[in-house]
Amino acid sequence: DALAGLAFGIVVIDVVRENGISQPERVAVNTAKAGVFSCLFMGVIYLFITLVCAQSAPICAGADNGGTVLGTIANHYFHSAGSVLMTLIVTFACLKTAIGLVTSCSKAFVDMFPKGPGYTVWAVIFSLVSFGIANFGLTTIVSWCVPVLMFLYPLAITLILLSLSGKLIGANQTVYRTTTAFTLIAAVFDMIGSVSGMVSGSRVLAGLTRFAGRILPLYSLGLGWILPAAIGFLVGLWLAKRKA
C-alpha cells in the first residue's frame with residue numbers, strides 16, 4: 001500500500017491541479033487531506049478483515065493465500081451466495097487499484113521517457129503485461145513479489161518519512177541521499193534473506209543471510225533496515241551542517 005500510495009499520489013495531485021488549485025502549499029494540503037481520508041477508511045477495512053480472519057482461523061486451515069482465506073470465509077457464512085459476493089467485492093476493490101496503478105505508472109513513464117511511447121501505449125502495455133502475470137495465480141505471484149517487496153518497502157518507507165520531515169530537513173538532498181544509500185544496503189540483505197528462504201542449498205545466500213543477521217538488529221523480523229536508515233539520516237544531517 002505504501003508503494004501504491006507513492007504512485008497514486010501522482011493521480012491525486014493531477015486531479016487537485018485540474019480543479020484549479022495551483023499553489024504548491026494548497027496542492028500539498030489537499031493531497032494530504034485525501035491521503036488521511038483514504039488511510040482512515042483503509043485502516044478500518046483492514047481492522048475488520050483481521051478480526052474476521054482471526055475469528056475464522058479454524059475453517060481456513062491449509063489455505064495457501066489470502067484470496068483462498070477470504071473465499072472460504074465467504075462461502076462458510078453465506079453459502080452459495082458467498083462466491084458471488086466475494087467476486088463482486090474483489091472486482092470493485094481491485095478495479096480501482098488497477099486503474100490507479102495503470103494510469104499513474106503510464107504517466108510516470110511518459111514523464112521519464114518524453115521521446116518514447118505515448119500515454120495510451122504505455123497504458124495498454126501495462127494492462128496486457130498485468131493481465132498475463134495475473135494468470136499465474138495469486139500464490140505464485142506472491143512468492144515472486146516477496147523478494148522485490150522486501151527490497152523496495154524499506155526505501156519507500158524512508159522516502160515517505162523524509163518527505164514528512166520537511167520542516168526538519170527541508171529539501172536537503174544530502175540527507176535524502178545518505179539515508180537512501182544506507183537503507184539500500186540493508187534492503188539488499190533483506191532481499192537476499194527472502195531469496196535464501198526460497199532457494200534451498202545455496203551456501204552463498206545462506207552465508208550472507210547469517211552475516212546480515214549478526215550485524216543488523218531486528219533482521220530476523222524483516223526490520224534490519226531501521227538502524228542503517230537512522231545512521232544514514234544522522235550522517236546526512238551532519239554533512240548538511242558542515243556544508244552550511
Side-chain angles (χ1 to χ4, degrees), residues 1-55 66-67 69-70 86 88-112 119 123 126 130 142 145-146 148-173 175-177 179-180 183-184 187 190 218 221-223 225-226 229-230 232-234 236-237:
D1 287 339
L3 293 172
L6 291 174
F8 288 162
I10 299 172
V11 178
V12 175
I13 290 172
D14 285 344
V15 172
V16 170
R17 287 175 175 168
E18 288 172 3
N19 280 274
I21 300 174
S22 57
Q23 296 88 346
E25 295 81 6
R26 292 189 62 199
V27 171
V29 169
N30 281 274
T31 304
K33 287 180 179 178
V36 171
F37 180 79
S38 60
C39 283
L40 288 175
F41 276 94
M42 289 291 287
V44 171
I45 291 171
Y46 282 142
L47 176 63
F48 280 108
I49 289 177
T50 303
L51 182 62
V52 168
C53 291
Q55 294 179 340
V69 170
L70 293 176
M86 197 63 208
L88 292 173
I89 292 173
V90 171
T91 298
F92 285 108
C94 294
L95 184 62
K96 55 88 179 172
T97 305
I99 292 173
L101 285 174
V102 168
T103 54
S104 57
C105 288
S106 299
K107 187 180 186 313
F109 271 67
V110 169
D111 294 338
M112 290 167 59
Y119 173 85
F126 282 121
S130 300
V142 169
C145 287
V146 167
V148 179
L149 292 176
M150 290 299 291
F151 173 72
L152 291 178
Y153 94 86
L155 299 172
I157 292 176
T158 51
L159 180 59
I160 292 171
L161 292 176
L162 287 171
S163 300
L164 294 174
S165 306
K167 290 186 177 180
L168 176 64
I169 64 173
N172 195 293
Q173 293 184 0
V175 178
Y176 275 81
R177 288 171 180 171
T179 305
T180 301
T183 305
L184 178 65
D190 279 337
L218 305 177
L221 301 177
L223 300 173
W225 56 272
I226 290 181
F233 179 74
L234 294 175
L237 289 178

Measuring from [X]:[atom1] to [Y]:[atom2], what's the distance to the nearest 0.5 Å?
{"X": "F126", "Y": "L101", "atom1": "CZ", "atom2": "CG", "result": "10.0 Å"}
{"X": "I226", "Y": "L218", "atom1": "CD1", "atom2": "CG", "result": "6.0 Å"}
{"X": "F41", "Y": "Y46", "atom1": "CZ", "atom2": "OH", "result": "15.0 Å"}
{"X": "L184", "Y": "T158", "atom1": "CG", "atom2": "OG1", "result": "9.5 Å"}
{"X": "T50", "Y": "F48", "atom1": "OG1", "atom2": "CZ", "result": "11.0 Å"}
{"X": "M86", "Y": "T91", "atom1": "CE", "atom2": "OG1", "result": "9.5 Å"}

inquiry  = Give me the atom names and distance for the closest heavy-atom approach of S106 to Y119.
reply    = CB-CE1, 3.5 Å
remark   = Looking only at heavy atoms, the pair that brings A229 and T179 closest together is O-CG2, 3.8 Å
query = What pairs with I89 under side-chain contact (heavy atoms from CB on, under 4.5 Å), at least two apart in sequence or on another chain?
reply = L85
Non-hydrogen side-chain atoms of [X] and [Y] separated by less than 4.5 Å:
{"X": "W225", "Y": "L155", "value": "no"}
{"X": "D190", "Y": "F151", "value": "no"}
{"X": "C53", "Y": "L70", "value": "yes"}

